[in-house]
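Side chains included, hydrogens not; waters and symmetry mates left out as well; all remaining heavy atoms used.
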Amino acid sequence: MKSFIAKPWLLPQPVLIIGTYDENGVPNAMNAAWAGQANMNLITISMGNHKTTSNLNANGEFTLAFASKETMVASDYVGIVSQKNHPDKMLKSGLTQEKAPNVNAPVFTDYPMTFECRVKEKLYESETGYFIVAEIVNILVDEKYLAEDGKPDVEKMNLITFDPIHLGYIALGDRVGQAFGEGKKLK
Ligand SMILES: Cc1cc2nc3c(=O)[nH]c(=O)nc-3n(C[C@H](O)[C@H](O)[C@H](O)COP(=O)(O)O)c2cc1C
């Protein structure tokens, strides 16, 4: 086995788009990979010092969309350009937005699934950012991406994951088994 020093290589990593408004209601989006589910209705995100971070300080509500193959270019764009020095960022991204029904944040309707979230806690706050602990207030799913049983169908969404080692976006592949089921073969 080859050894490596500590790296942010937890795999697989999501490609999440954080949607916020600033204090004047101007929408913004940014790409975030360092995030995870914390329990049934909590998520964590590792935030640097971005325009999105100041928006979150002014208004602790946001949306979190899951990037797909179809939204990859816009999703990467909002992760490499800051609204701090590119006021036309959202126009250039080509993303379509409307006000979220339950939080004071924009929903980008190009994405298959979006969480509506509220910041509960900021941990390890410093000039370089903080960890957010946020509550999932509601989940919005474009009806195109629902399964027969009315729940979201991950396989229809064409979601992508972030490869932090070679900086790629990788499309999710085939369903290969049943969770809480495959292991029963060895019981
Ligand atoms: C693939 C990818 C993943 C990223 N993950 C994070 C992250 O987890 N946390 C973070 O603070 N910034 C992350 N960024 C950087 C921000 O998205 C980027 O700095 C963005 O331009 C901030 O925009 P804003 O200043 O308009 O809010 C990521 C960027 C990319 C391309």
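You'll find the side chain of Pro152 reaches within 4.5 Å of the side chain of Met113, heavy atoms only. Taking 4.5 Å as the limit, some side-chain heavy atom of Lys122 sits within range of a side-chain heavy atom of Asn57. For the pair Val141/Leu146, a side-chain contact is recorded, criterion being any heavy-atom separation below 4.5 Å from C-beta on. A heavy-atom distance below 4.5 Å is not found between the side chains of Gln97 and Val107. Residues Met47 and Leu56 are in side-chain contact: their nearest non-hydrogen atoms beyond the backbone lie under 4.5 Å apart. Residues Glu182 and Lys185 meet the side-chain proximity criterion, which asks for heavy atoms closer than 4.5 Å. The shortest distance between side-chain heavy atoms of Asp153 and Lys151 does not fall below 4.5 Å. Between Pro106 and Glu98, every side-chain heavy-atom pair lies at or beyond the 4.5 Å cut-off.
Taking CD1 of Ile165 as the start and CG of Leu11 as the end, the distance is 5.0 Å to the nearest 0.5 Å. The structure places CG of Leu140 at 7.0 Å from CG of Asn102, a figure rounded to the nearest 0.5 Å. The CG atom of Leu64 sits 11.5 Å away from the OG1 atom of Thr20 when rounded to the nearest 0.5 Å.
Not counting sequence neighbours, Glu116 has no partner by the salt bridge (charged side-chain N to carboxylate O under 4.0 Å, His left out) test. With sequence neighbours excluded, the residues satisfying side-chain contact (heavy atoms from CB on, under 4.5 Å) with Pro14 are Leu16. Checked against salt bridge (charged side-chain N to carboxylate O under 4.0 Å, His left out), Lys7 has no partners two or more places apart in sequence or in another chain. Applying the side-chain contact (heavy atoms from CB on, under 4.5 Å) criterion to Ala134, with sequence neighbours excluded, gives Ile43, Phe62, Cys117, Ile132. In this structure, Lys89 has no salt bridge (charged side-chain N to carboxylate O under 4.0 Å, His left out) partners at least two apart in sequence or on a different chain. Applying the side-chain contact (heavy atoms from CB on, under 4.5 Å) test to Asn24 and every residue at least two apart in sequence or in another chain returns Asp22, Val26. Here Glu23 pairs with nothing under the salt bridge (charged side-chain N to carboxylate O under 4.0 Å, His left out) rule; sequence neighbours left out. Applying the ring pair (Phe, Tyr, Trp, His ring centres under 6.0 Å) criterion to Phe115, with sequence neighbours excluded, gives Phe66.
At least one donor-acceptor pair closer than 3.5 Å links the side chain of Ser75 to the backbone N or O of Thr71.
The cluster map of Ile, Leu, Val, Met, Phe, Trp and Tyr, joined by side-chain heavy atoms under 4.5 Å apart, puts Ile136 and Val119 in the same cluster. Tracing side-chain contacts under 4.5 Å through hydrophobic residues (I, L, V, M, F, W, Y), one reaches Phe108 starting from Val78; they form part of the same cluster. Note on Ile17 and Val81: same hydrophobic cluster, where clusters join Ile, Leu, Val, Met, Phe, Trp and Tyr whose side-chain heavy atoms are under 4.5 Å apart, directly or indirectly. A single hydrophobic cluster is not seen to contain both Met30 and Val73; linkage of ILVMFWY side chains at heavy-atom distances under 4.5 Å, directly or through other members, places them apart. Under the 4.5 Å side-chain heavy-atom criterion for Ile, Leu, Val, Met, Phe, Trp and Tyr, Val15 and Ile170 are members of distinct hydrophobic clusters.
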What's the verdict on side-chain contact (heavy atoms from CB on, under 4.5 Å) for Asn28 and Asn55, showing C-alpha distance, side-chain angles and the deciding distance?
-> CA-CA 9 Å; Asn28 191 21; Asn55 290 0; 3.8 Å; yes
Take Leu42 and Lys120 through the test side-chain contact (heavy atoms from CB on, under 4.5 Å) and record every step on the way to the result.
-> CA-CA 9 Å; Leu42 294 181; Lys120 258 177 91 82; 3.5 Å; yes
Before giving the answer on side-chain contact (heavy atoms from CB on, under 4.5 Å), spell out for Val103 and Asn138 the whole-Å C-alpha distance, their side-chain angles and the decisive distance to 0.1 Å.
-> CA-CA 9 Å; Val103 292; Asn138 187 49; over 6 Å; no
Could you give me the CA-CA distance, side-chain angles and deciding distance for Met157 and Ser68, then say whether side-chain contact (heavy atoms from CB on, under 4.5 Å) is met?
-> CA-CA 7 Å; Met157 293 185 192; Ser68 55; 5.8 Å; no
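When all heavy atoms of Pro27 and Gln83 are compared, the closest pair comes out as O-NE2, 2.9 Å. Annotation for Gly94 and Asp110: closest pair O-OD2, 4.3 Å, computed over non-hydrogen atoms. What you find for Lys69 and Ala171 is that their closest heavy atoms are CD-CB, 4.1 Å. Of all the heavy atoms in Asn49 and Lys84, the pair that sits closest is O-NZ, 2.9 Å. When every heavy atom of Ala29 is checked against every heavy atom of Met90, the shortest pair comes out as N-SD, 3.4 Å. Contact detail for Gln13 and Ala33: the closest heavy-atom pair is OE1-CB, 3.5 Å.
Ion pairing between Arg118 and Glu61 holds under the 4.0 Å rule for side-chain N and carboxylate O.
Applying the side chain to side chain donor-acceptor pair (under 3.5 Å) test to pairs two or more places apart or on separate chains, those with a residue in residues 154-171 are Asn31-Tyr169, Glu70-Asn158, Asp76-Tyr169. Residue pairs that meet the side chain to side chain donor-acceptor pair (under 3.5 Å) test with at least one member in residues 37-47, sequence neighbours left out, do not exist here. Sorted pairs that involve residues 15-58 and meet ring pair (Phe, Tyr, Trp, His ring centres under 6.0 Å), not counting sequence neighbours, are lacking altogether. Under the ring pair (Phe, Tyr, Trp, His ring centres under 6.0 Å) criterion, the residue pairs touching residues 125-149 are Tyr124-Phe131, with sequence neighbours excluded.
Lys99 and Asn104 share no side-chain donor-acceptor pair at under 3.5 Å.
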